[in-house]
Amino acid sequence: MPDYSKELNEAQYDAVQTTEGPLLVLAGAGTGKTRVITYRIAHLINNVGVPAQNILAVTFTNKAAGEMKERIMKLVSRSDSDIWIGTFHSICLRILRRDGHLVGLGAGFGILDQDDRLAVVRDIVKSLNIDVKKYPPKQYMWRISNFKSTRAYVDEAAPGTDEFHMMDEVFSQYQKKLKEQNFIDFDDMLALTIRMFRQNSDVTQYYRNMFRYILVDEYQDTNDIQFLFLKILATETGNICVVGDDDQSIYGWRGADIRNILEFDTVYQNTKTVRLVENYRSRPVILQTANALISNNRMRKGKNLVACREEGGMVQVMPVGNETDEAEFAAQTIQKYLDEGTSPDEIAVLYRTNAQSRNFEVLLNRMAIRYKVVGGIGFYQRKEIKDILSYLRLHDNPYDGVSFARSVKAPPRGIGDTAVSNITEYASAEGLSLIEAARQSLPALRGAQKRGMEPYLWIFTELGAQSKVSEMVKTVIYLTEYEDFIKKYEDEHEAEKRIGNINELYNAAVSFEMAFPEGTMSDFLAATAITTSLDESDNTAAVKLMTIHSAKGLEFEQVFLTGLENGLFPLHGSLDEPAELEEERRLCYVAVTRAKQNLHMTYASTRMVYGNRMPQRRSPFLDEMGIAGIKAPAKPRPYMDVSQKPKSTVARTEVNGIKSGSKVSHEKFGEGMVVAISGSGDSANCDVFFKAGGLKKIRVGFLKLL
DNA sequence: GGCGACTACATTTTT
DNA sequence: TGTAGTCGCC
């Protein structure tokens, strides 16, 4: 019987050992919450004797699920591997694959991803002659999604018409299309699972008996529906352990309800609460900064992180002229870290909005530093991948109108919108599959259309003769002549990338077959639908660029937190809404606590916004961090903490046109950037950060402005 | 029916 | 600034 007490601190061990009854683990950033979950599962299996299949663990991303599974495997024997670990969505999907017929789902139902569902909504909105200028399809989609995350939808109520024009009609048509084409969307995964539970007490009981121990990670980001899902399953045993940090709740905009964690102990009677506050990740100076910042929030349980690491590292605030200077500063400092031997994987550039990544990419490119933009458009959302997949999806589900419309036009083959809607309408009226309808339309086609449609249909005949997922992928790539299509349209570099992606899709299919020898095409397609950019593995050593949201759960030696400007971070729109401002502050807290060693924060005095250069003011968060009170690190790195510069409202200190942020050159040290200026006139000294030599103090007279 | 050009547009975060 | 969506021409 393994003893885990030596591998855990007291609070962690307490959480691991408390196996019965509701348990709330309030785990601050870097306090080892993943460790608690993995060890708790190991403890349940190895020491309490709970069969693995009686454990359900919910994570935030598929990637996190994979990593957790790996870690657990190291602690338990191989025969104990069949724990249910996954995201809410993947778990519900698995349940619906088994029992979805109870709520009217056809076998092998497909999943409508974000793009597809927008396409469906757009069609409906157009067909209803709604003024798309006044009521954009996106609005409807958003509305539908929101409604589907409510209990009303679970209970099969109709949406309220409310002030929103035609909402009822759009919604019911949307639902009808989904049903017709045997689709569910993202929100349905949870909602239909719960509906199925509600209507089938015997099935519910089956899952209750199965999931006798439930663990949930990142509980602060759960929404009402997810809460309900857990409540239904856990209500009998009460063995539910949720781990989270109210200070890191950053998905309120997506419906996550911070009250889930704040009120957990009132919902579940006799909850035991364990607080993890000992932080093993960050230098004390970073934690001070984080604590100071978050103490400005009112909606929180309240806790301060306690530093376990020794003094060292630093928090730097770097004012820069504009977004290019900001990127240059980051790139140069990164270069310096790399020269010192820091692994690129230990460096991250964080920003509030995806659009900010651009400048960093340009500068890092120029300096030949390997980087990877994390998040954004995921692999399976890429055009070329969706094109290929649309054939496979249509083959898998011949009623899939979205995939029909997509595949028949990519590559173009003379069939346009008119033909597509004719065929779609015909299929719908006759109850035919789209492939069958297309086949029947063949005699009516002439010329280019006929010459296009015939080989198109032939592809599906070929697919019908195959069963191996990877072979089918290959067949589509080959028979569509997709590579030629790409080469014809894209520039060389772009084409190469896309062809690479297509090959990567084939590889993914091969890996899928190896991982799931029994897996069907439906399974493969489902996997592609719920895989997001955050789930993609990053096996190349590269500096990471990402939004703060994407950085949740990660840690880096060196963190650049950029764009700390009022209106950007906190983002405008949150400024006069206290709850939203608090969420922005939590987001900032998440960013700060990603750093292990050094935290560099930048803000620009001007920035391009929608193509206009706008003056910017520094973020109030910087002041809240109490930057001024931070002592210099015991063993200072060769940087200057310029945060304590006099806050002059007039132009910043400037001598001979040289000011902070200026690019200058020096006879001996070469090119550099001015970080700070002290004194005035000819005797002024500049702190200059040289590309080659790091930080030096130089008389202004020896510098040449570049 | 396809394609290119233009314009208008809106800009948060994504399971 | 960048892109998505529309319009009009071939």
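Residue numbers begin at 1 in each chain, while the letters A, B, ... track the order of the sequences.
A:Lys544 forms no cation-pi arrangement with A:Phe556, by the criterion of a distance under 6.0 Å to the ring centre and an angle within 45° of the ring axis.
Between B:dT14 and A:Thr547, a contact under 4.0 Å exists linking OP1 or OP2 to a side-chain N or O. Within the 4.0 Å cut-off from OP1 or OP2 of B:dT15, not a single side-chain nitrogen or oxygen of A:Ser90 is found.
Projected onto DNA chain B by closest heavy-atom contact, A:His572 and A:Gln226 fall at different nucleotides, the more 5' of which corresponds to A:His572. Summary of the strand contacts: A:Phe186 and A:Val420 both lie near DNA chain B, and taking for each the nucleotide with the nearest heavy atom, the more 5' one is attributed to A:Val420.
The interatomic distance linking A:Leu568 (CG) with B:dT11 (C1') rounds to 12 Å, in whole Å. With rounding to whole Å, A:Asn223 atom CG is found 20 Å from B:dT13 atom P. When the P atom of B:dT12 is taken as reference, atom CZ of A:Arg585 falls 21 Å away, rounded to whole Å. Taking atom CD1 of A:Ile85 as the reference point, atom C1' of B:dT15 lies 18 Å away to the nearest angstrom. The interatomic distance linking A:Met614 (CE) with B:dT11 (P) rounds to 17 Å, in whole Å. Distance A:Arg352 CZ to B:dT12 C1': 5 Å, rounded to the nearest Å. Distance CZ (A:Arg413) to P (B:dC3): 12 Å, rounded to an integer number of Å. Between the P atom of B:dT14 and the CG atom of A:Asn62 lies a distance of 15 Å, rounded to the nearest Å.
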Distances for protein N or O near nucleotides 1-4 of chain C N or O, under 3.5 Å:
{"residue": "C:dG2", "atom": "OP1", "partner": "A:Arg358", "partner atom": "NE", "Å": "3.2"}

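Take A:Lys138 and apply the side-chain contact (heavy atoms from CB on, under 4.5 Å) test, not counting sequence neighbours, and it matches A:Leu118. By the salt bridge (charged side-chain N to carboxylate O under 4.0 Å, His left out) test, A:Arg71 pairs with no residue at all, sequence neighbours left out. A:Asn365 meets the side-chain contact (heavy atoms from CB on, under 4.5 Å) test with A:Tyr371; sequence neighbours excluded. When the side-chain contact (heavy atoms from CB on, under 4.5 Å) test is applied to A:Tyr456, the partners found at least two apart in sequence or on another chain are A:Tyr391, A:Leu394, A:Phe404, A:Ser407, A:Val408, A:Arg413, A:Met453, A:Phe460. Qualifying side-chain contact (heavy atoms from CB on, under 4.5 Å) partners for A:Glu454, counting only residues two or more places apart in sequence or in other chains: A:Leu442, A:Lys450.
With a 6.0 Å radius and a threshold of 12 heavy atoms from other residues, nucleotides or ligands, A:Arg259 has its CZ atom at or below the threshold.
A donor and an acceptor atom sit less than 3.5 Å apart, one in the side chain of A:Trp253 and one in the base of B:dT13. Residue-to-nucleotide contacts include a donor-acceptor pair under 3.5 Å from the side chain of A:His89 to the base of B:dT15.
Centre separation under 5.5 Å together with a plane angle under 30° does not hold for the ring of A:Tyr251 and the six-membered base ring of B:dT13, so they are not marked as stacked.
Spacing between B:dT14 and C:dA4 at atom P, rounded to whole Å, works out to 16 Å.
Taking only side-chain atoms of A:Pro412, from C-beta outward, the nucleotide of B:dT12, B:dT14, B:dC3 with the closest atom is B:dC3.
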